[in-house]
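Accompanying notes for the structure given below.
A, B, ... follow the sequence lines: proteins, then strands. Residue 1 opens every chain.
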Amino acid sequence: MSTPLPPDKSTVQGLIMRGYTHPYSSHLLFRFSSKAAASQFIKALLPYLRSAENWGTNKPDKMLNIGLTFTGISIASSLTKTELNAFPNTFTTGPASQGSQGSLQDYGEGDPEKWLFGGLLTNGNPDPAKRVDAIVHSYAMHQNSLNELTDFIAKAATAAGVVELLPLDGGKGRLEQYQLPVDTIHFGYRDGISEPDLNWPETWPAPPVNTDPADLNNFLIGYPNSAFQPGPSNPATPNASAFAKDGCYNAFRVLYQDVNAFDKYLSDNAPVVAQTLGKSTEYAKEWLAAKLNGRWRNGSPLILSPDAPDPATADATNFSYTEDTKGLKCPFSAHTRVGNPRDEALFPAESPVPRLIRRGVPYGAPPVSDNDKGERGLIGLFLCGALASQFELIYSWINTNNFSPLFSPNFDTQDALLANRATPDMDTTFTIPIPGAAKPLVLPKLPQFIVARGTAYCLLPSIPTLKAIAEG
Amino acid sequence: MANPLTLYVPIKQDPLTQAAAQAAYESFVDSVKAGLDASNILHYARVALVPNPSGEGILGILLITTFDGEMNPYLKFFWQNEGTRKAFAGIAAIALNPPSPPVTDLTGFENFINENNLNKRSKDLYKGYTQSVLQIKAAFPPK
Ligand code: HEM
């Protein structure tokens, strides 16, 4: 078998390899009625479809990328049943399935029966009215341009007989990015700092024995090696492998953020933190926000700046947890330490640390009062080569911090920001080790800060694959 | 939280397949021990041969395990371990309804396990205790 070379950037959708910095975006959900309709719709969108090629100084004013769920692929492609069976089970059964729910643990308000899209009926079957076949991620430099682009997409859908799902505002609103200060998300943190390098393994084309999980070949389908095999890649189904090649999976997950609950948690606990540290309550709030996340709100990692945020470390991505074996700088359950434990010791079945490309943006305006229950949160795009062993493995760590011998087996805590607190048998306190103190600070029950509003597992197919669908 | 995997695979009736099933049964614990030990998430795993209703020959292979955490994120670990990979690939190879496409890679392995798992929900499992394998091993270190 010939060894594959790195992909041509013109074949890969731009979203995968580049972090766009367009300030305006909208993420439109669609349901196909037939193969012909899907083909006509995708053909109409091709002029704005963006590849990973460099745009130089000429940043496109309007552009888009397209994701297809398994139901979308089943309708839009010419793949046979056996070929469709070659896709990974986690993708074909989707995020509301029993298998995925074991990791995502969407209980209570986040139950798939309550999802705004991609969810289930009360009998446990997929809700046909909420089925998502395609997501069109549209990006623009100006609000006007975004409006023009979304109008264009919506008209193309209507012309093709493709139905748009409007998940927000009781079935009237789209998932549109809200303009918070650059790179900031609700809760006031800077985001989008730490991303996988997406290098091509140096030893390629000699198949690497153990590639770095942050390498591009572990995100793109079609470059299997001994450590990672993003599928489908079965030689018995070459059409499925060719369809998926140079694509990447996207766990599209909309997460409501309860900003008032978050602010209240900081205010309620600030006095005890201030007393423990001998500092002001204002400092205590910022310190606690940093301990929940692992980075201060300006971005400085606790490992490099344990006592105060520092502009010099705000963008730092190169740091290690090996020295912090007791969590004295960064608590074990801090969100970024769970999402990427880096060089922390892991149990064998958990390693190597999987990586995710994160391309999420905030939606919804910040609250104007303490009772404001308006919709707001993160339109999450979590890209990976394998949904089960990357996205869902990290999600299972988020819900149960049991992956490292440093703090397991008798520390059944959860990600301080994210987990579903109704996950069975979990300890929902937040333990913050304090240098020089005899005992760690243990704060009472972490509230439900984040609620899943909907999830769809998509393939971001290659540009040749989308063109082939457009040709019918 | 512990979860169940109950893999039931009806097998072909020809003598070669029947002998292969018997051999898989005999060597099961030896083949999977190293992989399951290393995973530190398996409480118990056992295999049984389900007899044909006539009493003659084997109808299918039944593999029953109880493990900590979720199944799908960990299948990569078991596919990368030679012993567990061979044991599962051996069962797939003698299935009456062979997996289509055949199991040649991690994706095929994940699909085979999921399609033949009779217990997908943790609520199917009675738990006499809630501790994980790691917690039990830590509390009762091997002598
Ligand atoms: C609304 C929900 C979420 C919020 C508010 C949030 C917040 C943050 C913040 C503030 C950072 C630090 C910025 C950076 O390192 O780039 C971060 C990093 C990260 N988050 Fe999240 N996040 C959310 C959801 C998720 C989910 C669902 C996952 C995984 C499934 C995840 C995985 C990660 C990872 C892997 C990192 C990078 C850590 C590193 O490389 O050091 N996040 N998140």
Side-chain angles (χ1 to χ4, degrees), chain A residues 81-83 85-93 97-105 221 224 226-238 240-241 244 347-351 354 386-397 399-400 402-403 405 408-410 412 423-426, chain B residues 1-5 34-42 67-82 84 98-117 119-125 127 129-139:
Chain A
K81 193 166 179 291
T82 302
E83 287 161 350
N85 280 345
F87 282 86
N89 177 270
T90 306
F91 177 61
T92 59
T93 54
S97 67
Q98 295 282 348
S100 295
Q101 280 302 308
S103 301
L104 303 179
Q105 307 269 5
I221 298 165
S226 61
F228 297 90
Q229 300 99 30
S233 59
N234 194 321
T237 47
S241 306
F347 290 118
E350 320 283 348
S351 69
L387 289 158
S389 55
Q390 283 170 267
F391 178 70
E392 291 190 358
L393 180 59
I394 294 179
Y395 234 105
S396 74
W397 293 354
N399 284 315
T400 313
N402 58 354
F403 50 89
S408 247
N410 290 314
D412 277 338
T423 305
D425 308 324
M426 286 297 111
Chain B
M1 188 173 54
N3 275 296
L5 164 66
L36 302 192
D37 275 353
S39 78
N40 270 320
I41 60 171
L42 258 292
F67 55 91
D68 293 321
E70 301 325 312
M71 183 175 78
N72 287 329
Y74 296 100
L75 290 177
K76 177 166 168 255
F77 178 82
F78 296 113
W79 180 249
Q80 282 179 341
N81 178 280
E82 202 185 338
T84 45
S100 168
V103 178
T104 57
D105 62 357
L106 171 63
T107 304
F109 174 61
E110 287 171 348
N111 293 353
F112 174 71
I113 300 281
N114 274 282
E115 271 152 32
N116 294 288
N117 181 9
N119 290 109
K120 296 193 174 45
R121 311 170 308 174
S122 69
K123 66 178 174 194
D124 294 348
L125 182 71
K127 301 169 189 105
Y129 56 87
T130 56
Q131 286 77 7
S132 66
V133 170
L134 280 163
Q135 286 169 335
I136 295 167
K137 282 189 175 171

In sequence, state the C-alpha distance, the side-chain angles, and the governing distance for A/Leu393 and B/Tyr74, and then conclude on side chain to side chain contact (heavy atoms under 4.5 Å, CB included).
CA-CA 8 Å; A/Leu393 180 59; B/Tyr74 296 100; 3.6 Å; yes
For the student: nearest non-hydrogen atoms of [X] and [Y], plus distance:
X        : Y        : value
A/Asp412 : B/Gln135 : OD2-NE2, 3.4 Å
A/Gly99  : B/Asn72  : CA-ND2, 4.0 Å
A/Pro88  : B/Asn111 : C-OD1, 3.5 Å

Based on non-hydrogen pairs under 4.5 Å, which of B/Lys137, B/Lys76, B/Glu115 is most in contact with chain A?
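Most heavy-atom pairs under 4.5 Å with chain A: B/Lys76.
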Considering the options B/Ser100, B/Pro101, B/Pro102, which one meets the side chain to side chain contact (heavy atoms under 4.5 Å, CB included) requirement together with A/Thr237?
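Among the candidates, only B/Pro101 passes.
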Top of [options] for chain B proximity - count of heavy-atom pairs under 4.5 angstrom:
options                                : value
A/Ser103, A/Gly231, A/Pro405, A/Ala236 : A/Ser103
A/Ser233, A/Pro235, A/Ala386           : A/Ser233
A/Ser351, A/Ser97, A/Pro348, A/Ala240  : A/Pro348
A/Pro424, A/Pro230, A/Ala388           : A/Ala388

Would you indicate whether the side-chain heavy atoms of A/Gln229 and B/Trp79 approach each other to under 4.5 Å?
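B/Trp79 reaches A/Gln229 side chain to side chain.
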With a 4.5 Å heavy-atom cut-off, do B/Ser132 and A/Asn402 have their side chains touching?
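A side-chain contact is absent here, since even the closest heavy-atom pair is not under 4.5 Å.
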Can you say whether [X] sits under 4.5 Å from chain B via the side chain, the backbone, both, or neither, judging by heavy atoms?
X        : answer
A/Ser396 : side chain
A/Phe87  : backbone
A/Asn399 : neither
A/Thr90  : side chain
A/Asp425 : side chain

So how far is it from [X] [atom1] to [Y] [atom2], rounded to the nearest 0.5 Å?
X        : Y        : atom1 : atom2 : value
A/Gln98  : B/Asn3   : CD    : CG    : 10.0 Å
B/Asp105 : A/Asn234 : CG    : CG    : 5.0 Å
B/Glu110 : A/Leu387 : CD    : CG    : 9.5 Å

Which bit of B/Leu106 is near chain A, if near means a heavy-atom gap under 4.5 Å: side chain, backbone, both or neither?
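Contact with chain A involves both backbone and side-chain atoms of B/Leu106.
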Below 4.5 Å from any heavy atom of chain A, which atoms of B/Ala38 appear? Answer side chain, backbone, both or neither.
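Interface part for B/Ala38: backbone (N, CA, C, O).
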Heavy atoms of other groups near B/Gln80 CD, more than 12 under 6.0 Å
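Counting other residues, nucleotides and ligands, CD of B/Gln80 exceeds 12 neighbours.
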